[in-house]
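Working notes, beginning with the structure itself.
Residue numbers begin at 1 in each chain, while the letters A, B, ... track the order of the sequences.
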Amino acid sequence: MTTEAPSKPRDFIREIVEADLAAGRYQRVITRFPPEPNGYLHIGHAKSICLNFGIAGEFGGQCNLRFDDTNPTKEEVEFSESIKRDVAWLGFSWDDNLFHASDYFDQLYAWGEELILKGKAYVDSSSADEMRAMRGTLIEAGQESAYRTRSVDENLDLFRRMKAGEFPDGAHVLRAKIDMASPNINMRDPVLYRIRHERHDRTGDAWCIYPLYDYAHPLSDAIEHITHSLCTLEFEDHRPLYDWLIESVSVPSRPRQYEFARLNLNYTVMSKRKLLRLVEEKHVNGWDDPRMPTIAGLRRRGYTPASIRNFCERVGVAKRENVIDAGLVEFCVREDLNTTAPRVMGVLDPLRVVIDNYPEGETEWFDTGTRKVPFARTLLIEREDFMEEPPNKFFRLAPGREVRLRSAYFITCTGVVKDDAGNIVELHATYDPATRGGDSPDGRKPKATLHWVSADHAVDCEVRLYDRLFRSENPEESGNFLDDLNPNSLQVVPRAKLEPSVRGAAPFTRYQFERLGYFCVDPDSSGEAIVFNRTVTLKDTWAKVK
RNA sequence: UGGGGAGUCGCCAAGCGGUAAGGCAGCGGCCUUUGGAGCCGCCAUUCGGAGGUUCGAAUCCUCCCUCCCCAGCCA
């Protein structure tokens with residue numbers, strides 16, 4: 001018997017990790033997920049989370065959660081809390097390894113002095129505008145700052161006084177002394193520290209100078225003994241600076257940066273700036289609006305952690321730009337919910353059906369094994385399940401036609417009642433008592449099985465139906481993405497009719513409403529008033545033949 | 001047109017010189033008390049293009065084309 005190797009996820013990063021471990025370059029892999037606490041996590045972050053925590057798990061290593069809190073003007077504790085909640089909800093644990101770049105401010109500062117002492121950094125007193133003007137362009141070298149030749153002593157003195165708060169914002173910066181003529185703009189004496197008289201969520205007023213990402217990140221990695229520092233493609237150009245810093249300062253370990261392509265999804269936006277705008281300008285109802293691609297939004301929509309993890313796995317990790325079809329993430333929830341969600345019946349757009357030969361006042365309770373469903377003389381079916389003049393391919397109810405009511409009886413439509421305007425207001429039907437449970441002793445097989453609900457037993461629920469937030473595949477493409485907002489992305493059914501078994505369902509309970517889709521109890525529910533979010537519809541081949 | 005990346009099926013993605021995995025979507029069929037699910041089958045003679053090396057190239061070499069990223073005291 002041959003034993004198949006389990007097909008674990010394969011990608012170029014895991015190959016590198018495996019090779020590094022095999023070669024003995026590192027004894028144990030340590031990765032990190034380094035969000036800046038300035039927004040909510042979205043599904044693109046989920047890819048990075050799955051990668052970093054996934055690798056740590058597979059190779060018996062560790063993954064740190066590190067907040068990149070180097071810019072106090074943009075960061076808030078609300079965001080840190082949401083990030084922790086979302087990572088945990090996705091099913092990953094950082095154990096005791098929760099860190100902050102701000103934990104390292106002392107060490108980072110000390111290395112700033114070390115750089116000065118080695119002649120590798122200097123205090124520049126140019127204005128931001130002057131620096132920009134002297135940076136050169138993509139095709140022209142920059143010019144060296146007049147302050148570049150300051151003495152070590154002067155630099156040290158100035159840097160200490162920057163730290164001491166002697167200067168206003170923008171008066172000086174600490175810059176690396178690398179090469180103003182480098183074709184890589186990141187190497188043209190990048191700024192390492194800036195003055196910001198701003199209170200920091202964690203360090204309070206202890207600091208008025210804050211390190212930049214390019215400086216803090218590699219050194220924080222080194223402090224944490226990160227082995228593989230995984231980031232997105234746009235940081236490829238920063239890797240030489242990452243390495244320069246690691247090599248220029250007395251760090252305790254040698255991390256290496258690798259870049260992969262970020263996740264893009266069609267029919268939505270993923271940039272923090274745009275998501276923030278949607279929230280702030282109230283185009284959606286908060287970061288956890290079920291239409292948002294945020295983890296919080298997906299959770300409220302009814303997505304499961306497993307479905308998001310599977311999605312990330314299917315999407316893969318590579319270096320080429322990609323736009324994933326939103327249909328894939330929908331496939332992943334259906335795949336999960338299909339096997340886990342209890343089935344229940346509910347009618348969104350009710351049409352009364354009176355079973356004329358069913359005894360008045362009688363109620364039967366059908367036991368499906370998971371719940372009991374009441375059947376009575378007056379039923380509600382989905383309006384679109386009836387057609388007075390059905391086209392060829394329409395299998396559902398029509399005058400004179402017999403269909404099965406799921407788990408109940410076969411019924412035959414015997415009459416149509418209309419109002420003065422000609423709208424169908426009620427149907428009449430007869431049932432066949434011999435088909436109790438949904439099977440006919442004579443082997444009759446109706447072409448369709450409909451969902452239904454007993455009118456007198458139904459519980460009224462609000463149901464929120466969602467559609468894609470934007471009309472076009474790439475909302476960023478043409479001008480203002482807000483112009484592309486789908487005006488029908490939220491449709492509310494105020495009084496959908498649900499079978500009574502849903503009564504008392506707790507928030508985040510997930511169901512399949514048979515033939516309609518998967519639905520999840522929204523936290524807006526209170527007591528008797530249940531609100532459902534439609535997570536995703538079922539695949540609908542009828543919609544296609546239509 | 002400086003530097004850094006990337007181009008394999010509609011969307012992802014394997015492939016690492018030995019003759020194009022897989023998933024999603026799509027299309028047929030079977031089955032079905034959800035037009036759901038499940039099952040079966042089909043779906044790249046061709047890898048951005050052109051040359052070259054080789055018995056053999058998506059994989060190596062050369063030239064070309066296209067796309068993405070970089071000129072924040074953001075990350």
Side-chain angles (χ1 to χ4, degrees), chain A residues 7 10-11 15 34-36 38 68 70-71 73-75 124 126-128 131-133 135-142 169-175 181-188 190-196 209-210 212-214 216-217 231-240 259 261 263 266 272-273 311 313-332 334-335 338-339 343 345 368 393-396 404-408 410 435 437-440 445-451 473 512-517 537-545:
Chain A
S7 70
R10 277 274 134 218
D11 54 69
E15 277 173 13
E36 184 190 11
N38 68 344
D68 237 322
T70 56
N71 187 353
T73 60
K74 295 167 56 177
E75 296 153 7
D124 194 326
S126 309
S127 70
M131 275 184 57
R132 183 166 32 250
R135 190 150 26 231
T137 68
L138 295 180
I139 53 170
E140 293 166 319
D169 287 7
H172 309 283
V173 292
L174 183 72
R175 295 180 79 175
S182 172
N184 180 344
I185 293 180
N186 294 299
M187 298 299 270
R188 318 239 262 229
V191 173
L192 271 20
Y193 267 94
R194 79 289 225 187
I195 299 173
R196 280 255 203 292
I209 58 171
Y210 293 96
L212 277 90
Y213 167 88
D214 277 327
H217 204 84
C231 63
T232 44
L233 255 25
E234 66 270 28
F235 292 102
E236 247 165 342
D237 289 346
H238 297 238
R239 187 167 5 111
E259 310 86 13
L263 169 72
N266 58 15
K272 280 192 188 173
R273 203 203 104 241
F311 169 72
E313 195 165 308
R314 266 174 228 265
V315 149
V317 178
K319 295 196 74 156
R320 75 179 78 90
E321 297 288 349
N322 59 80
V323 181
I324 309 297
D325 196 301
L328 183 60
V329 66
E330 295 187 347
F331 167 84
C332 290
R334 288 195 191 103
E335 179 188 45
N338 178 44
T339 61
R343 312 280 122 139
M345 290 192 288
T368 69
K393 301 286 234 172
F394 186 85
F395 304 153
R396 286 110 95 146
R404 171 166 40 228
L405 293 184
R406 172 120 240 231
S407 310
F410 291 4
T435 58
D439 264 318
S440 173
K445 299 258 182 231
K447 292 268 274 180
T449 299
L450 308 187
H451 60 279
E473 281 197 43
Q512 184 195 100
F513 291 1
E514 293 212 41
R515 303 212 304 136
L516 294 178
T537 59
L538 255 29
K539 263 179 71 179
D540 187 354
T541 51
W542 163 241
K544 256 182 294 188
V545 348

How far does the [atom1] atom of [N] sit from the matching atom of [M], given to the nearest Å?
{"N": "B:C47", "M": "B:G7", "atom1": "C1'", "answer": "10 Å"}
{"N": "B:U66", "M": "B:G72", "atom1": "C1'", "answer": "29 Å"}
{"N": "B:A14", "M": "B:C65", "atom1": "P", "answer": "28 Å"}
{"N": "B:C74", "M": "B:C63", "atom1": "P", "answer": "41 Å"}
{"N": "B:G51", "M": "B:C68", "atom1": "C1'", "answer": "27 Å"}
{"N": "B:U59", "M": "B:G15", "atom1": "C1'", "answer": "8 Å"}

Practice item. Find the distance between CZ (A:R396) and CG (A:L450) and round it off to the nearest 0.5 Å. Key: 7.5 Å
Check your understanding: For RNA chain B, whose closest nucleotide is more 5', that of A:N322 or that of A:F395?
Key -> A:N322
**Study point:** Spacing between A:F311 atom CZ and B:A25 atom P, to the nearest angstrom
**Key:** 13 Å
**Study point:** Spacing of A:E234 atom CD relative to B:C67 atom C1', expressed in whole Å
**Key:** 16 Å
**Study point:** Counter-base of B:C74, judged by Watson-Crick or G-U geometry with both distances under 3.5 Å
**Key:** none
Study note, to complete from the structure: Using Watson-Crick geometry (N1-N3 plus N6-O4 or O6-N4) or G-U wobble (N1-O2, O6-N3), each under 3.5 Å, B:C60 is paired with B:G52
Practice item. Identify whether a stacking contact exists between A:W542 and B:G35, where the ring centres must be under 5.5 Å apart and the planes under 30° apart. Key: yes
Practice item. Report yes or no: does A:E335 contribute a side-chain atom to a donor-acceptor pair with the main-chain N or O of A:F331 at less than 3.5 Å? Key: no
**Study point:** Validation row, ring centre A:F394 to ring centre A:W542 under 6.0 Å
**Key:** yes
